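Reviewing the structure listed below.
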Amino acid sequence: MTLESQLPKTFNPNDVEEKWYKAWDEGKYFKPVQRNKNKKPYSLLMPPPNVTGRLHMGHALNHTILDILTRFKRMQGHETLWIPGQDHAGIATQAKVEQKIFQEQGKTKHDLGREKFVAEIWKWKEEYGNHIMEQFHKLGDSCDWDYFTFTMDEGPNLAVKKFFVDMYNEGLIYQSDYIINWDTTLQSAISDAEVEHKEVNGNFYHLHYQVKDSNQVLEIATTRPETLFGDTAVAVNPNDDRFEHLIGKKAIVPICNREVPIIADKHVDMEVGTGCLKVTPGHDFNDYEIGKRNELEIINILNKDGSLNENAKAVEGLNIKEARKKTVELLKETQQLISTKPHTHQVGHSQRSGSVVEPIVSKQWFLNTEKMAEISVQAVENEDMKFFPKGWENTYFSYQKNPRPWCISRQLWWGHQIPVFYCSEDSCLHTWASEEAETQCPKCHSKNIQQDPDVLDTWFSSGLFPLSTLGWPNKEKMQESGFDKFYPSAVLVTGFDIIFFWVARMMMMSNKITNQSPFQDTYIHAIVRDKDGVKMSKSLGNVLDPLEIIKENGCDAMRFTLAVSSGYNRNINLDPAKIEGYRNFINKVWNAFRFIHPYLENANDKGFEISELHHHEKWILNELNLVIKDVTESIEIYRFDDACNSIYQFVYEKFCSWFIELSKGILNSENEHLKIQRANVLKYCFKQIVKLLHPITPFVTEEIWGFLKSEDEELLIIQEYPVFDETLQFKEDSDYMDKFIEVVTSIRNLRNTVMIKPKDEIEVRLFTDNESLAKYFYKSRGFFKELAKVKAGKIKDKSIERPQKSIMRATGHTEIFIPLEGIIDLKLFVKKLENDKSKAQKEFDKVDKKLKNPKFIENAPIDVVEKVKEEAKEFQEKLDSITNSLNNFQ
RNA sequence: GCGACCAUAGCUCAGGUGGGAGAGCGCUACCUUGACAUGGUAGAGGUCAGAGGUUCGAUCCCUCUUGGUCGCACCA
């Protein structure tokens, strides 16, 4: 078989991705297996995507990171479990199905009734809900699909009920009339966290309120004149001289002509507006508090859909916008509108529906999070749970240090129904919470009972996910799923936007239940934006589709790009050109293997004898060792950028550009012993390389592994991750090699500056006073020939006179001369040499200045002084070399 | 308004505890080199936003200024 047919010239990722995913999945390689008793189990949770979700770059990034960690730990021998899941996403899903039914059947959810409607959602979920999960296979996710958990499954439902009932019985969950955020589109309460403030252009309206039994009028500024129908007071600051005499009197609300008290309240700021405030406790958070302090009446002027109700007779039935317009007109008619000035201000919008949030007073269920938040703050302060990068603590604390009651009830049909029951018997009216599906009142045994119709906030069940995915609270299921092994999990990987919604809630709820944080670390990754840093959105048309990228460049290229872009940064500006670049890298790896593959036939799988290693082999093994250390350490602290760059640099520069090039001569020689030895080392290195790369680029590495592995070896996915090897440290060979590389590069540089053709062989003279280095160079003469096209060379010490009519370059240790047979533009070269000189001079001056400063010698640590002295010596030598050479040209 | 974060090469970014400025992409010159043109070789390019301070020494620590991002609060 030819090389070409077995290993194509260009790696084609799409040919192998499906094959290997299937092999891993069907071979049960994603299941947790204890391979090394000394390693702790390692578990991770997939942030459950919405049932309605579509795969986007955010998922691709999140899953790339999760999968890197999973594969890395699995290869290290930890019993590794990545748990996948999915969120029922109450509001989003209900809205989607509602829309679908309306389009297809022209019916509303009320036409169907609750039971039928919920059944429709389940039907929809079964049909479309798995779509995104199938897409995750394309990303290479190595999660254990047997653990897949949907937040509405029986298990999570049990967890939700158990937690609710416990908190209810503890008094932490309670029902209360309170001012809450009302979404008029969804017709449901939403939590504070779900409100986004957006800047809106509105007006400042100045109104007149008549003081009763007086000629005096009060000027009041407002942005919402329509709420005057709900006014139950006018407030001034208690210390405001201007209005002191009016406190206790009555004001008359325009249009509805209701008398309301003029009260004093410290909330009113004398400096702001007119110093007078209309108080609408039913529709403003601050006014609600004022109302409570002053025992004011609450008037609700809104219907559930946001239209005005009978309490605002003059504008009844209108929506808020219309009502505002009409109110202003009426005020004009009665000449109580003084002025209208444009004003921009922040208005709360529902994150879910986008509509303006209306504060209304309503009976809702709340969870008192005060104590739980305090504990979850402590957990982070004690480093029981650590944020990476650490800065995100601030965001977490800013929420958790000001806990407010969490409004957990939603007036929806899709979700976990609140497990509270009411007895309808007038003589009983018992209310209780229960995990069971109750059929009769435990007190009066009446069957006339009802369950609370509301459902719970989606985040209530997501918050319990770390526990419910492992079977909590069902003892048998917990045993079965290995709760004790896998809880708490190792790390949570997610975006900053849900630090409060999800991270904080999991922390609170899990700490409450288990007295432990649900994960040890939280890694907050970046947000993927387009190449100009603009958020991807359908309307802007700048969305990159992961599946498209995979099709064009392969999954490995996408994963590597995302990983190398992912450190402690906030944004990833994803440029398709970058993905292409790393696709090229994948291809480079492929071709490097393609080159060495034919030579590996007789390679001894047991490797090599350390005593017989060639100095180049020692060098590459030393470098490989350093990379292994660096990559491992970087992944442990979630610096995927460092890990990727480290491997990239090693594979591309060290391995391909130098080691393979240096190996060509040996591989094509007749020396069978050296050839075998080199093949052994190449094979060893490449095995290590694909192992190092596998967590990041699983497909291409598994494919290559298929050609590399011995018959008794398993798939790459469960091979042991490389570890730093004490016996493979060769510092000296590494130092020599660095100098060799420096000299070869200098020769190439010289050739380039005077346009010597790549094929032309040249003569080179090296001058160095370092004897052992001279010996090393002598030993390497064949390699100079191959890599720098040197046909003949001499190595002398610096006491020997330098050749005339030559071009030269100097390093700190070696002078490189190339004699020339005329025809060269010397002026050009002299200019370059002068440039070299000025650079060398600058280098020298910098360190020389330090050494001439007695305070530096006095104060700086000895090792620093020594280092600078050595540098000075090298720079001096280099400078002298260039200066002497220049003199020869003058 | 309160708070946090950021400013390093043309672009995107990396630079634990102060001690000779880095990467990828892009750019320039040359090269049909038997692994790879998705390639090779060699380069150019930076007052580390500005001003002050601490220090023998500051991209790094402190203060201020300017410019930017984000979070929270604010519907008088």
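The sequence lines fix the lettering, A, B, ..., with proteins before strands; numbering per chain opens at 1. Only heavy atoms go into these numbers, but all of them, side chains included; no hydrogens, no water, no symmetry mates. These figures come from a predicted structure and were not determined experimentally.
Using a 4.0 Å cut-off between charged side-chain N and carboxylate O, A/Glu661 and A/Lys664 make a salt bridge.
The CG atom of A/Leu562 sits 15 Å away from the C1' atom of B/C13 (whole-angstrom rounding). With rounding to whole Å, A/Leu662 atom CG is found 15 Å from B/A35 atom P.
Taking the C1' atoms as reference points, B/G46 lies 14 Å from B/C11, given to the whole Å. Spacing of P atoms, B/A9 relative to B/A49, comes out at 8 Å, to the nearest Å. Taking atom C1' on both nucleotides, B/A7 is separated from B/A14 by 15 Å, rounded to a whole Å. Going from the C1' atom of B/A44 to that of B/C30 covers 15 Å, rounded to whole Å. Here the separation of B/G26 from B/U12, taken at their P atoms, is 15 Å to the nearest Å.
A/Tyr652 comes within contact range of the sugar-phosphate backbone alone, with a heavy-atom separation under 4.0 Å but no base atom that close. Contact annotation for A/Lys390: no contact, since no heavy-atom pair falls under 4.0 Å across all strands. A/Ser657 comes within 4.0 angstrom of sugar-phosphate atoms only, judged by non-hydrogen atoms across all strands, and of no base. Within the nucleic acid shown, A/Val268 comes within 4.0 Å of at least one base atom, counting heavy atoms only. Residue A/Arg748 is in sugar-phosphate contact alone, with no base atom involved, counting any heavy-atom pair closer than 4.0 Å across all strands shown. Residue-level contact check: A/Ser565 touches neither bases nor backbone, having no heavy atom under 4.0 Å from any strand.
Taking the nucleotide of RNA chain B with the nearest heavy atom to each of A/Glu871 and A/Tyr568, the more 5' of the two is matched to A/Tyr568. Place A/Lys757 and A/Glu661 on RNA chain B by their nearest nucleotides, and A/Lys757 ends up nearer the 5' end.
Contacts between residues 845-861 of chain A and RNA chain B, counted as heavy-atom distances below 4.0 Å, involve A/Lys846, A/Lys850, A/Asn853, A/Lys855, A/Phe856, A/Asn859, A/Ala860, A/Pro861.
Within the cation-pi definition used here (under 6.0 Å to the ring centroid, within 45° of the axis), A/Arg678 does not qualify as a partner of A/Tyr599. Cation-pi geometry between A/Lys390 and A/Phe387 is not satisfied (NZ or CZ under 6.0 Å from the ring centre, within 45° of the ring normal).
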**OP:** Map every base of RNA chain B to its dot-bracket character, where paired means a Watson-Crick or G-U wobble contact with both distances under 3.5 Å and | marks a partner outside the strand.
**Re:** (((((((..((((.....[..)))).(((((.......))))).....(((((..]....))))))))))))....

